[in-house]
Amino acid sequence: MEKGNYVLNSVEDFDVGQTLECGQCFHFKKIDENEYGVVAFGKLLHIKQENNFIIFYDTTEEEYENIWKNYFDLDRNYSEIKKYLLKKDNKLKLAMDTMWGVRILNQEFFEILISFIISQNKQIPHIKQIVATISRKYGNYLGKIGEEEFFGFPSCERMSDISLEDLKECKTGFRAPYIMDAVSKVCDKTIDEAILKAANMNVCLENLQQIKGVGEKIGNCVMLFGLEKREAFPIDVWIKRIMEFMYFEGEVSKDEIAAFAKKRFGKYGGYAQQYLFYYGREMKMGK
DNA sequence: ATCCAGGAGGGCC
DNA sequence: GGCCCTCATGGA
């Protein structure tokens, strides 16, 4: 049965390529210019942007409404967010104007948790590769675009019977025991998505840090990308360099940067972080 | 080749 | 608390 395409036009503040390539997501494959295969919520999406048109291939309106609209955060008014941030800090203008089409995806908690545990001390292409390997070996086959096959990220239950050795074969290295710990704590509800979502930032971070391999940075990434806590401000090596370059003279501690960001960017820290991270990384700022 | 990557744990003081 | 070393793997 043919499903047909679902097409949006004139969505403001949204660029598919920027949104996927800005470093928040590791589970997609570029097909062509502004054309991607994206995996989330057990589905494969073939999406393409042409100027103002966004084409969701083989997608029903129902699937769009139930999954992709929220996944791409399309219900949110980004012009209001931008206005708020610019009022707080005009220094963000260049990064924001350049990376104008970034939206913060609402990704799945468990996949984000595991993906960012993997991310530690790794470069983005390699993180994507490991996520793809784990999905290919343990996730469900979802279909292909051209010759490229796509697989869903395995559930926590599925991952609970993967051995340490098998995880290491996915090139996770010293992170393998961390992943095992995360899987067991999510499976036995020591870590519970609903409770974390409802909790405030401090409690949430404290809970996440019970997991081995989750510290302040990864905890903040999980809160921002997987728990819809948009005030979270993850500080990695890039953001540290970028913030030092833009707002300080020379090196400062991460604690100092965190306090500064909280005061300066407030409830929308996560958006500011994402514009700065993507722009600064593209510009190789401070390197 | 040496250094570094969307860091964090552990030992030491 | 802070400082230093280590962890596995690949790319520059």
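Naming convention: chains lettered A, B, ... in sequence-line order (proteins, then strands); numbering from 1 in each chain. Please read all numbers here as calculations on a predicted model, not as lab measurements.
Closest-nucleotide positions on DNA chain C for A/Asn121 and A/Pro125 were compared, and the one nearer the 5' end corresponds to A/Asn121.
Both stacking criteria are satisfied for A/Phe277 over the base of B/dG6: a centre-to-centre distance under 5.5 angstrom and an angle between ring planes under 30 degrees.
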* **Intermediate values then yes/no, side chain to side chain donor-acceptor pair (under 3.5 Å), A/His46 and A/Glu35** => CA-CA 8 Å; A/His46 181 185; A/Glu35 180 174 359; 2.6 Å; yes
* Just do the side-chain contact (heavy atoms from CB on, under 4.5 Å) check on A/Glu21 and A/Tyr36 with the steps written out, would you? => CA-CA 10 Å; A/Glu21 304 279 6; A/Tyr36 292 87; 2.8 Å; yes
* Asked: Are A/Tyr138 and A/Phe151 close enough, and set up right, to give a ring-ring contact (aromatic ring centres under 6.0 Å, His included), and what steps lead you there?
  -> CA-CA 9 Å; A/Tyr138 304 107; A/Phe151 298 83; over 10 Å; no
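Whole-Å rounding puts the A/Glu282 CD to B/dG6 C1' distance at 14 Å. Regarding A/Ile124, its CD1 atom lies at a distance of 13 Å from the P atom of C/dA12, rounded to whole Å. In this structure, NZ of A/Lys240 is placed 12 Å from P of B/dG7, rounded to the nearest angstrom. Atom-to-atom, CD1 of A/Ile118 to P of B/dG7 comes out at 14 Å; the value is rounded to the nearest Å. Following rounding to the nearest Å, A/Ile242 (CD1) and B/dA5 (P) show an atom-to-atom distance of 12 Å. Residue A/Leu164 contributes atom CG, which lies 13 Å from atom C1' of C/dC7 at whole-angstrom precision. Between the C1' atom of B/dG6 and the CG atom of A/Leu224 lies a distance of 12 Å, rounded to the nearest Å. Here the P atom of nucleotide B/dC4 and the CG atom of A/Asp236 are 16 Å apart, to the nearest Å.
Here, C/dT6 and B/dC4 have their P atoms 15 Å apart, quoted to the whole Å. When the P atom is compared between C/dC5 and B/dC3, the two are found 13 Å apart, to the nearest whole Å.
When the side-chain nitrogen and oxygen atoms of A/Arg241 are compared with OP1 and OP2 of B/dA5, one or more of them lie within a distance under 4.0 Å.
The residue A/Arg281 sits apart from the nucleic acid: no heavy atom pair falls under 4.0 Å. Across all strands, A/Lys122 comes closer than 4.0 Å to base atoms (heavy-atom distances).
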Show me the donor-acceptor pairs, under 3.5 Å and distance only, between side chains in residues 196-217 of chain A and residues at least two apart or in other chains.
{"residue": "A/Asn200", "atom": "OD1", "partner": "A/Asn202", "partner atom": "N", "Å": "3.0"}
{"residue": "A/Asn200", "atom": "OD1", "partner": "A/Val203", "partner atom": "N", "Å": "2.9"}
{"residue": "A/Asn207", "atom": "ND2", "partner": "A/Val203", "partner atom": "O", "Å": "2.9"}

* Starting at the 5' end of nucleotides 8-13 of chain B, put B wherever the base has a protein heavy atom under 4.0 Å, S where only the sugar-phosphate does, and a dash everywhere else. => SSS---
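For the ring-ring contact (aromatic ring centres under 6.0 Å, His included) test with A/Tyr78, the passing option among A/Tyr84, A/Tyr271, A/Trp100, A/Phe72 is A/Tyr271; the others fail.
Taking the six-membered ring where the residue is Trp, A/Tyr71 and A/Trp68 present perpendicular rings, their angle passing 60° and hence far from 30°.
A distance-only check finds no donor-acceptor pair linking the side chain of A/Gln107 to the backbone of A/Phe225 [under 3.5 Å].
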